[in-house]
Amino acid sequence: MDGRLGVLGVGPQGEQLYRHVLRAPGLTLAAHVAQLGWTDYEAEHAIEQLRARRLVRVTDLGEVVADHPRAALERVVSAEEARLATRRQDLARVRDAIDSFVTDHRVGQEISAVDQPVRERVDRAVLVSVHEHLMASTVGVVRQTLSTVPDRSVEDYPTVRQQLESGREQRTLYLPSALEGDGTWLSDWAALGEQQRVAGQLPSDFVCFGDEVALGSTDWGRTDGDSVVLRDPMVVAAFVALFDRLWAAATPMDATADTSQALVDWMRQGLTDEAIARAMGISLRTVRRRIAALMTDHDVATRFQLALRIAERRQSD
């Protein structure tokens, strides 16, 4: 059963019964039950779904009758489309009012700014909603470190997504292990314009929203506890400075496979050959062949020696 009627609130069994009634008109519900091999409960549940949409009716003789499906379904679909159009208009009016609500919020924030705590603990259960709130109420570059790829999707962050699509800059540092997974999180955010780099080590997970507020772990270096919102200007500035130093030393995700510098940078960050291949969009065999060629060109026997030799040449250039 393809479940085409699910959008109308008719489940798989309801659709199966509907098709059976269309193919075998004039039967009673008991006859349909017998032919389908259902229980009375299953049949009652299915027919109630169809009757609610007026797709079938039961005659005085107990026969289950269905009108021509073109007329019946056109009627239902037209009613749903009209309801959807009204819903869209209502949602559009809400969207038009967002700016006025934002103004109200800004006024309230300015009035109560002196009362905002410089440190506010955040329960893990509401972390996403707090992240969304901070994104909406701040401006400037978003800087964040992620030691693990979250078990979520971009759809869980509609405000972040909308702001990135509008041009707000977001920079994210990942550990090499982020490239070991399926890559959906990375590719989805990259498509929205997120700038991504890989760092060999990250001290802790945190996010800086412009230069106004930072969101970090209550236990430095841990990812399984609660978080804390920090508004002290000096503390936020320290987080921004730390991030910028890590960012400068990290390797861009879009480093090309055409230069030895890019390849060695990936190796220096601790990526496996498989992760390098994924990041560069080339085969594992190609990665290993290029590393072997670099080792030959620089007359070294190990990858460690290769990294040292290239670092020495960079310093001398």
Is there a side-chain hydrogen bond (donor to acceptor under 3.5 Å, both in side chains) between Q196 and T172 once you walk through the steps? CA-CA 5 Å; Q196 302 172 337; T172 304; over 6 Å; no

Does the E212 side chain pair with the main chain of V139, one donor and one acceptor, at a distance under 3.5 Å? yes

Test of understanding: clusters of I, L, V, M, F, W, Y form through side-chain heavy atoms closer than 4.5 Å, transitively. Do V240 and L146 belong to the same one? no

Side chains of R168 and T138 only: does a donor on one sit below 3.5 Å from an acceptor on the other? yes

Taking every heavy atom of A199 against every heavy atom of L175, the minimum-distance pair comes out as O-CD2, 3.5 Å

Taking atom types as modelled and ignoring hydrogens, do the side chains of W189 and Y157 form a donor-acceptor contact shorter than 3.5 angstrom? no

For the OG atom of S147 and the CG atom of D205, what is their distance to the nearest 0.5 Å? 3.5 Å

Taking the side chain as every heavy atom from C-beta outward, state whether R51 and I47 have any atom pair closer than 4.5 Å. yes

The salt bridge (charged side-chain N to carboxylate O under 4.0 Å, His left out) partners of D67 (sequence neighbours excluded) come to R57

Note, Q16 side chain near L36 side chain (heavy atom, < 4.5 Å): yes

Shortest non-hydrogen pair, L202 vs Y174, comes out as CD1-C, 4.2 Å

Audit row: L173, V198, side-chain contact (heavy atoms from CB on, under 4.5 Å) steps and yes/no: CA-CA 6 Å; L173 284 168; V198 173; over 6 Å; no

Is it the case that the side chains of D226 and T218 hold a donor-acceptor pair, with the cut-off being a distance below 3.5 Å and no angle test? no

What closest approach, in Å, do P252 and A250 show between heavy atoms, and which atom pair accounts for it? CD-O, 3.8 Å

Honestly curious: do V10 and V77 fall in one hydrophobic cluster under the side-chain, below-4.5 Å linking rule? no

Close side-chain approach of Q35 to H20, heavy-atom, < 4.5 Å: yes

Can you measure from CD (E15) to CZ (R19) and round to the nearest 0.5 angstrom? 4.5 Å

Does any donor atom in the side chain of E63 or T28 lie under 3.5 Å from an acceptor atom in the other side chain? no

Say whether Q162 and S166, considering side chains only, have a donor N or O and an acceptor N or O under 3.5 Å apart. yes

Would you check, one step at a time, whether the test side-chain contact (heavy atoms from CB on, under 4.5 Å) holds for R285 with R290? CA-CA 9 Å; R285 179 178 298 179; R290 292 185 179 182; over 6 Å; no

Checking Q195 against E169: is there a side-chain donor and acceptor pair closer than 3.5 Å? yes

Would you find a donor on one side and an acceptor on the other, under 3.5 Å apart, between the side chain of S78 and the backbone of R75? no

Report the distance from atom SG of C208 to atom CG of L134, rounding to the nearest 0.5 Å. 11.5 Å

Please test L192 against R161 for side-chain contact (heavy atoms from CB on, under 4.5 Å), starting from the C-alpha separation and ending with a verdict. CA-CA 7 Å; L192 289 171; R161 188 177 70 249; 3.5 Å; yes

Are V130 and V128 connected into the same hydrophobic cluster when the rule is that any two of I, L, V, M, F, W, Y join if their side-chain heavy atoms are below 4.5 Å apart? yes

Using a cut-off of 6.0 Å, state whether more than 12 heavy atoms not belonging to R54 lie near its atom CZ. no

Polar side-chain atom of E42 near backbone of T39 as donor-acceptor pair, under 3.5 Å: yes

Spacing of R121 atom CZ and D123 atom CG [to the nearest 0.5 Å]: 8.5 Å

Verify whether one side chain among H45 and Q49 offers a donor that lies under 3.5 Å from an acceptor in the other. yes

Would you say D90 has more than 12 foreign heavy atoms packed within less than 6.0 Å of its CG? yes

Determine whether more than 12 heavy atoms belonging to other residues, nucleotides or ligands lie under 6.0 Å from atom CZ of R152. yes

Classify the ring geometry between F243 and F206 as parallel (under 30°), tilted (30 to 60°) or perpendicular (over 60°). perpendicular

For atom CG of D96, decide whether the heavy atoms of other residues, nucleotides or ligands shown that lie under 6.0 angstrom number more than 12. yes

For the pair L242 and W247, evaluate side-chain contact (heavy atoms from CB on, under 4.5 Å) and give the outcome as yes or no after the intermediate values. CA-CA 9 Å; L242 172 60; W247 182 261; over 6 Å; no

